[in-house]
There are 2 protein chains.
Amino acid sequence: MDNINKKEFKNTFIKCIEEKGLRHTKQREVIVDAFFSAGRHITSEELFNIVKKKYPEIGYATVQRNLNLLCKCCLAEEIKIGKQKTRYEQKYGNMHHDHLVCLKCGRLIEVNDDKIEKLQEKLAKKNNFTPIKHKLEIYGICADCKSK
Amino acid sequence: MDNINKKEFKNTFIKCIEEKGLRHTKQREVIVDAFFSAGRHITSEELFNIVKKKYPEIGYATVQRNLNLLCKCCLAEEIKIGKQKTRYEQKYGNMHHDHLVCLKCGRLIEVNDDKIEKLQEKLAKKNNFTPIKHKLEIYGICADCKSK
DNA sequence: AATGATAATGATTTTTATTATCATTTAGTA
DNA sequence: TACTAAATGATAATAAAAATCATTATCATT
Ligand SMILES: [Mn+2]
Ligand SMILES: [Mn+2]
Ligand SMILES: [Zn+2]
Ligand SMILES: [Zn+2]
C-alpha cells in the first residue's frame, strides 16, 4: 500500500513536469524516489546524502533544484524553523497539519485541530483578508524531553 | 503619553543592561530611541538608516548587536517571514499578537484571538507538550490589495 | 537512427543576511 | 587619574540558497 502511494506520488510529479514542458531524467527519478521514502522534514543536504548512495555522480544543486520543483508541484513544502536549514515535507496525500516544535531536541510533532482552523478562517474574514495558507508553530518542551 | 511609554521602554532597557553588567553608551541611547519611535516590524537595515541621521558615525554592526540585545531583554522580537530579512518588533507594553501576511504587498496585519490562543494551549496539553511561545501567520491577500 | 532545440546537470561562483574578529575607543570604578 | 573590560566600527567569515555556465541529455521531428 505504501508502494501504491509512492506510485501515485511519482505519477503526480510526472504529470506536473509534463504540464510544464520539462523533461524526465534519471536524477529526478532517483531524487523523487528517495524524497518519498525518506522520513518527513528532510533537509536538502540529508536528501543529497541519501541520493548519493544510489547515484554517486549526483550534484547537490540538482537535489536542491528538484526539491524546489517538487514545491512548485505542490508535492513538497518548505518548513523553516528559526535559523535551521530549510526542511522539506512531502505533501501528497497528507492532510494539512501544524507543528509542535521542541526547543530542546528539535523534534517536530504533527498536530491538527479543526476548531483552530475554523477560527483562523473567521479571523481572516473579520479583517477582510482572504487566507490562502497558514503556519502555526507552537514552541515548547516535548513529552520525551520532560521525562528526561 | 507616548513619551511616558518611551521613558518606560528606555528605563526597562537600562535596568536590563545594568543587570547584565553592560554599559550605557550614546549609541545605545540613539538606537533604542529610534527603535521605539520607528514603526513596528523594522529591519536592522532600516533602523541603521534612521539612526545614521542622528549619529552618522554609527556602524551597522552596532545597530544589529543592539537589536539582538533588545531581544535578549525581551523588548524586541524577531519576525521572520519567508526569505525576507529579519524584522524586529517592539514588545514592551504590547499584547501578544499574531500576523496576517499579505502575499501581494507584504503588509503585516496584527490580530488577536483569545479562543485560538486557548485552543492552542489545549492542543499542546493533549500532546503532553509544554508550550512556551507560538507563531501563527495567515498568508493571503489583504483588503487593500483586493480592492485594487 | 540522426538531428537540432533546449532543458537539465554538476561544478563552481555569487549573493545575501547574519555573526565573528580585532584593533581601538570608551565607560564605569576605585 | 588610571585601570579593566565592555563597546564600537570596520572588516572578514560563515552559511544557506540561488545563479552562472560549459557540457550533457532528452525528446520531438525528420
Ligand atoms: Mn510535518
Ligand atoms: Mn506585529
Ligand atoms: Zn524534545
Ligand atoms: Zn496587501
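Below, chain A is the first sequence line, B the second, and so on; all start at residue 1.
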Original post:
Looking at B:R28, B:K54, B:K10, which one forms a salt bridge (charged side-chain N to carboxylate O under 4.0 Å, His left out) with B:D33?
Top reply: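 In the set B:R28, B:K54, B:K10, the residue that makes a salt bridge (charged side-chain N to carboxylate O under 4.0 Å, His left out) with B:D33 is B:K10.
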
Subject >> Distance-only donor-acceptor check, side chains B:E110 and B:H41, under 3.5 Å >> reply: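 Distance-only check passes for B:E110 and B:H41.
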
**OP:** Would you kindly say whether A:S44 and A:Q64 are connected by a side-chain donor-acceptor distance under 3.5 Å?
**Re:** yes

**OP:** Consider the side chain of A:K85, meaning its heavy atoms from C-beta on, and name the nucleotide among C:dG10, D:dT8, D:dA17 that approaches it most closely.
**Re:** D:dA17

Measure from [atom1] on [X] to [atom2] on [N] and round the result to the nearest Å.
| X | N | atom1 | atom2 | value |
| --- | --- | --- | --- | --- |
| A:K80 | C:dT18 | NZ | C1' | 15 Å |
| B:L70 | D:dA7 | CG | C1' | 15 Å |
| A:I58 | C:dA11 | CD1 | P | 10 Å |
| A:E57 | C:dA8 | CD | C1' | 15 Å |
| B:E18 | D:dA6 | CD | C1' | 14 Å |
| A:Q84 | C:dT18 | CD | P | 16 Å |
| A:R28 | C:dG10 | CZ | C1' | 14 Å |
| A:Q27 | C:dA7 | CD | P | 17 Å |

Original post:
Using Watson-Crick pairs (N1 to N3, plus N6-O4 or O6-N4) and G-U wobble pairs, both distances under 3.5 Å, which stems of at least 3 pairs involve DNA chain D?
Top reply: C:1-30 with D:1-30

Subject >> salt bridge (charged side-chain N to carboxylate O under 4.0 Å, His left out) pairs, two or more places apart, involving residues 88-107 of chain B >> reply: B:E77-B:K91, B:R107-B:D144

**OP:** Respond yes when some side-chain nitrogen or oxygen of A:N66 is under 4.0 Å from OP1 or OP2 of C:dA8, and no when none is.
**Re:** no

**OP:** Tell me what B:E45 touches on the nucleic acid: a base, only sugar-phosphate, or nothing, going by heavy atoms under 4.0 Å.
**Re:**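 Nothing, no nucleic acid heavy atom in range.
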
Subject >> Which residue lies more 5' along DNA chain C, comparing A:G21 with B:T86 via nearest heavy atoms >> reply: A:G21

**OP:** Go along nucleotides 19-30 of chain C 5' to 3' and tag each nucleotide: B for a protein heavy atom under 4.0 Å from its base, S when only backbone or sugar atoms are that close, - otherwise.
**Re:** B-B----BBS--

Subject >> Within 45° cone and under 6.0 Å: B:K133 NZ/CZ vs A:Y139 ring >> reply: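 Yes, B:K133 and A:Y139 form such a contact.
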
**OP:** Give a yes or no answer on whether the side chain of A:T62 reaches the backbone of A:I58 with a donor-acceptor pair at less than 3.5 Å.
**Re:**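 No; judged by distance alone, with no hydrogens or angles, the pair does not exist.
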
Subject >> Any pair counted as disulfide bond (SG atoms under 2.5 Å apart), so long as it reaches residues 39-74 of chain B, sequence neighbours left out >> reply: B:C16-B:C73

Subject >> Pairs touching residues 116-136 of chain A that satisfy ring pair (Phe, Tyr, Trp, His ring centres under 6.0 Å), sequence neighbours left out >> reply: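 Residue pairs with at least one partner in residues 116-136 of chain A: A:H96-A:H134.
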
Original post:
How would you list, by chain and number, every residue that makes a ring-ring contact (aromatic ring centres under 6.0 Å, His included) with B:Y55, sequence neighbours excluded?
Top reply: none

